[in-house]
Amino acid sequence: SCAARASFAMAAASGLGGGEALRLSAEAGAGALKLHKGDITVWSVDGATDAIVNATNERMLGGGGVDGAIHRAAGPELVEACRKVPEVKPGVRCPTGEARITPAFKLPVSHVIHTVGPIYNMDKQPEVSLKNAYTNSLKLAKENGIQYIAFPAISCGVFRYPPKEASKIALSTAQQFSNDIKEVHFVLFSDELYDIWRETAKEMLSQF
Ligand code: ADP
């Protein structure tokens, strides 16, 4: 909208030493998008109902990458909570593009939202599945009163989604929830991913 303006400020999130804040809307009460470089397992917002998103697999019982890091930091109660999530078919607790919520145990946040992004080379419509993973995570956050949420770069690790394309879907979908969630953060694990997310955010701002 032409009423929207962009501003840059430092983000105050515990554990990560700030980060860059890209406020994509100037309308009263509208949410903000914030970008950080670092480890999502140390992210939280003091005193808030907050959640980190886990990029997991359909089995939902842990794995490598960010999934492994989240389970290590949360402690063994997290896998027990995941095991209690009902299977929708044998071995599948969370189909690709869907999301589930659990407590966060030893993590500094209130909740973990588990989602499954597409395996880029195996999914017939990876862009639809990736958008669904972000949308369903944000819907679940809204339903659970979560005001602050942090995402990793879903599918950009072993699932091999091209990061530039992924960043456009991630940021545009987050923006659609700016009236529902106070702040959507992205915690990018590498300089390369951080720079890609930052460039895409700037390109999106120039479209306003
Ligand atoms: P996927 O299977 O969805 O590709 P991965 O865990 O392999 O999931 O990768 C998703 C993204 O998470 C990758 O960009 C990877 O670099 C990143 N990542 C790995 N560990 C962490 C962490 N501790 N915090 C934030 N991001 C992480």
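Throughout, residue positions are numbered sequentially from 1 according to the sequence presented. Atoms within each ligand, like the ligands themselves, are counted from 1 in listed order.
- Looking at Leu130 and Asp123, their side chains never come closer than 4.5 Å, going by heavy atoms from C-beta outward.
- Within the 4.5 Å cutoff, the side chain of Pro152 has no heavy atoms near those of the Phe189 side chain.
- The closest side-chain heavy-atom distance from Glu127 to Glu165 is not below 4.5 Å.
- With sequence neighbours left out, Glu98 forms a side-chain hydrogen bond (donor to acceptor under 3.5 Å, both in side chains) with Arg100.
- Because its NZ or CZ atom is both nearer than 6.0 Å to the ring centre of Tyr194 and within 45° of the ring axis, Lys37 counts as a cation-pi partner of that residue.
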Ligand 1: which protein N/O atoms lie under 3.5 Å from its N/O atoms?
from, atom 1, to, atom 2, distance (Å)
ligand 1, 3 (O), Ser155, N, 2.8
ligand 1, 4 (O), Gly157, N, 2.9
ligand 1, 4 (O), Val158, N, 3.3
ligand 1, 4 (O), Phe159, N, 3.1
ligand 1, 6 (O), Val66, N, 2.8
ligand 1, 7 (O), Val158, N, 3.0
ligand 1, 9 (O), Gly157, N, 3.4
ligand 1, 23 (N), Asp39, OD1, 2.8
ligand 1, 24 (N), Ile40, N, 2.9

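- For Phe151 and Phe186, the ring centers sit closer than 6.0 Å to each other.
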